[in-house]
Amino acid sequence: MKKVLLVLSIAVLILALTGCPGWFNFGDVQKMTIPEIIEWIDTNEATDVSEFLVETEGIVTYAYSYYAYIVDAENNGIMLRSDSSVIDFRDFNPGDKISVVGSPYFSKYGEYRLDTDTPGGTATLIEKNVALPDPYVLPAGEGLTVGLFGKLVQLTATYDGTDTYDNYLFNNGGVTVPVVKFSPMPADLTEGATYTITGVLGQHYGYKIFVWDKSYVLPAE
């Protein structure tokens, strides 16, 4: 009788596991595009890292030691985050196409993130010198919003100087667009002059443009 009960118990367990594929797939990595990751974050209201891992590819637009931004060929973007010393995003440059595995979520700062610190997180070079997609051209009078987060953005605006935190301020048709203070800028940047700026929309105490190189800030023709 005990043997029969044991066999029945095992059978029930197998049926239960078969009916719950997630139990078998615990820790597996699911391949997703950047738009699919963002949709998953919104649908699941994910606001912190979890054991759900995704793999995606993108082209680096900006990189610092513990964070970076990538876009796909259609300029859909997401932030990569690594608070440990395992991955240093300074190993990558704009134009590097990389493969990334991480945990997706929406941070309290208003960022769509892929956290690579989670077990199984990786960032691997696929190809160098890949062409960046065309940037989103910010119309005059439009500011920076979460809908543009992670995207390459371009605007033509008048330089208004810096704020108290040394961020660079540009007047975009009456709307102030800040460029984050640690962006390399031309030495001859002149207040009142008009420039065309290209960078990625990121977050640093509010949404700001992150410029990778001073050559991305040019006098308007």
Side-chain angles (χ1 to χ4, degrees), residues 34-35 38 58-81 89-90 92-98 106-114 127-221:
I34 292 176
I38 292 172
I59 309 166
V60 175
T61 54
Y62 190 94
Y64 188 59
S65 58
Y66 59 90
Y67 66 87
Y69 294 88
I70 59 172
V71 295
D72 62 16
E74 285 72 44
N75 197 26
N76 300 295
I78 196 166
M79 181 187 186
L80 311 178
R81 183 83 180 191
F89 290 114
R90 288 175 296 190
F92 305 110
N93 294 297
D96 286 351
K97 185 175 183 180
I98 63 175
F106 189 74
S107 80
K108 63 182 179 180
Y109 304 107
E111 305 160 312
Y112 286 98
R113 287 184 178 181
L114 206 54
E127 183 181 357
K128 298 187 73 67
N129 300 317
V130 177
L132 295 173
D134 291 335
Y136 172 79
V137 178
L138 198 69
E142 184 174 327
L144 307 180
T145 63
V146 66
L148 298 175
F149 182 79
K151 294 179 181 290
L152 279 174
V153 174
Q154 186 177 89
L155 70 151
T156 299
T158 304
Y159 178 52
D160 278 351
T162 58
D163 62 14
T164 54
Y165 299 101
D166 296 325
N167 299 299
Y168 304 91
L169 306 179
F170 289 85
N171 186 330
N172 184 39
V175 175
T176 298
V177 173
V179 172
V180 74
K181 63 181 180 181
F182 35 78
S183 297
M185 303 294 278
D188 57 351
L189 202 63
T190 304
E191 288 190 33
T194 302
Y195 296 87
T196 297
I197 307 107
T198 303
V200 61
L201 196 161
Q203 200 283 146
H204 183 75
Y205 301 101
Y207 294 129
K208 294 178 175 64
I209 300 292
F210 286 62
V211 175
W212 174 258
D213 187 87
K214 62 184 179 182
S215 63
Y216 288 33
V217 180
L218 299 172
E221 297 180 357

J.: What pairs meet the side-chain hydrogen bond (donor to acceptor under 3.5 Å, both in side chains) rule with one or both residues in residues 159-186, with sequence neighbours excluded?
T.: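 Counting only pairs at least two positions apart or across chains, the side-chain hydrogen bond (donor to acceptor under 3.5 Å, both in side chains) contacts touching residues 159-186 are Asp163-Asn167.
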J.: Contact between Phe149 and Tyr69 at the side-chain level, heavy atoms closer than 4.5 Å - yes or no?
T.: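 Yes, their side chains come closer than 4.5 Å.
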J.: Answer yes or no: is there a donor N or O on one side and an acceptor on the other, between the side chain of Gln203 and the main chain of Tyr205, under 3.5 Å?
T.: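 Yes; judged by distance alone, with no hydrogens or angles, the pair exists.
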J.: Which residue pairs satisfy the salt bridge (Lys or Arg N to Asp or Glu O under 4.0 Å) criterion with at least one member in residues 60-81, sequence neighbours excluded?
T.: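 The answer is Arg81-Asp83.
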J.: Please name all residues satisfying side chain to side chain donor-acceptor pair (under 3.5 Å) with Asp96, sequence neighbours left out, ordered by chain then number.
T.: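 Asp96: side chain to side chain donor-acceptor pair (under 3.5 Å) contacts with Lys128.
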J.: Starting at CG of Leu80, measure out to CG of Leu114 and round the result to the nearest 0.5 Å.
T.: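 Between atom CG of Leu80 and atom CG of Leu114 there are 6.0 Å.
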J.: Which heavy atom in Ala73 sits nearest to a heavy atom in Pro133, and how many Å separate them?
T.: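 Distance-wise, the nearest heavy atoms are O-CB, 3.3 Å.
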J.: Looking only at heavy atoms, which two atoms of Ala63 and Ala68 are closest? And how far apart?
T.: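 Looks like CA-CB, 4.0 Å.
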J.: How long is the span from the CD atom in Glu111 to the CD1 atom in Ile78, to the nearest 0.5 Å?
T.: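 Interatomic distance, Glu111 CD to Ile78 CD1, rounded to 0.5 Å: 10.5 Å.
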J.: Using the test side chain to side chain contact (heavy atoms under 4.5 Å, CB included), find all partners of Gln154 that sit at least two apart in sequence or belong to another chain.
T.: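 So Gln154 forms a side chain to side chain contact (heavy atoms under 4.5 Å, CB included) with Pro135, Val137, Thr196, Thr198.
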J.: For Tyr64, check ring-ring contact (aromatic ring centres under 6.0 Å, His included) against everything at least two apart and list the hits.
T.: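 Tyr64 satisfies ring-ring contact (aromatic ring centres under 6.0 Å, His included) with Tyr66, Tyr67 only.
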J.: Holding to ring-ring contact (aromatic ring centres under 6.0 Å, His included), I want the full list of residues that pass it with Tyr112, two or more places apart in sequence or in another chain.
T.: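 Per chain and number, Tyr112 pairs via ring-ring contact (aromatic ring centres under 6.0 Å, His included) with Phe106.
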J.: Of the non-hydrogen atoms in Arg113 and Ser107, which two are nearest, and what is the gap between them?
T.: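 Scanning both residues completely, I find the closest heavy atoms to be NE-CB, 3.7 Å.
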J.: Could you list the residues that satisfy salt bridge (charged side-chain N to carboxylate O under 4.0 Å, His left out) with Lys208, not counting sequence neighbours?
T.: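 None.
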J.: Can you list the residues that meet the side chain to side chain contact (heavy atoms under 4.5 Å, CB included) rule with Leu144, with sequence neighbours excluded?
T.: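 Side chain to side chain contact (heavy atoms under 4.5 Å, CB included) list for Leu144, sorted by chain: Leu138, Val177, Pro178, Leu201, Tyr207, Ile209.
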J.: Looking at side-chain heavy atoms only, is the closest gap between Leu132 and Ile59 below 4.5 Å?
T.: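 SC-SC contact between Leu132 and Ile59 confirmed.
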J.: Kindly write out the residues that satisfy side chain to side chain donor-acceptor pair (under 3.5 Å) with Ser215, not counting sequence neighbours, or none if the list is empty.
T.: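 Result, side chain to side chain donor-acceptor pair (under 3.5 Å) vs Ser215: Asp213.
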J.: Which residue pairs satisfy the side-chain hydrogen bond (donor to acceptor under 3.5 Å, both in side chains) criterion with at least one member in residues 136-146, sequence neighbours excluded?
T.: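 Only Tyr136-Glu142 qualify under side-chain hydrogen bond (donor to acceptor under 3.5 Å, both in side chains).
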J.: For residues Val211 and Val217, determine if any side-chain heavy atom of one lies less than 4.5 Å from a side-chain heavy atom of the other.
T.: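 With C-beta onward as the side chain, the pair touches.
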J.: Out of curiosity, Tyr195 OH to Thr156 OG1, how far, rounded to the nearest 0.5 Å?
T.: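 So the gap between those two atoms works out to 12.5 Å.
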J.: Considering residues, nucleotides and ligands other than Tyr109, do more than 12 of their heavy atoms fall under 6.0 Å from its OH?
T.: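 Open: at most 12 neighbouring heavy atoms sit under 6.0 Å from OH of Tyr109.
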J.: What residues, two or more places apart in sequence or in another chain, satisfy ring-ring contact (aromatic ring centres under 6.0 Å, His included) together with Phe92?
T.: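 Once residues adjacent in sequence are excluded, Phe92 has no partner under the ring-ring contact (aromatic ring centres under 6.0 Å, His included) criterion.
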J.: Looking at side-chain heavy atoms only, is the closest gap between Ile70 and Ile34 below 4.5 Å?
T.: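 With C-beta onward as the side chain, the pair touches.
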J.: State, to 0.1 Å, how close Ala140 and Gly173 come at their nearest heavy-atom pair, and which atoms those are.
T.: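 Shortest heavy-atom separation between Ala140 and Gly173 comes out as CB-CA, 4.3 Å.
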J.: So, using ring-ring contact (aromatic ring centres under 6.0 Å, His included) as the criterion, who are the partners of Tyr62 when residues are at least two apart?
T.: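 If we apply the ring-ring contact (aromatic ring centres under 6.0 Å, His included) test to Tyr62, skipping adjacent residues, the hits are Phe210, Trp212.
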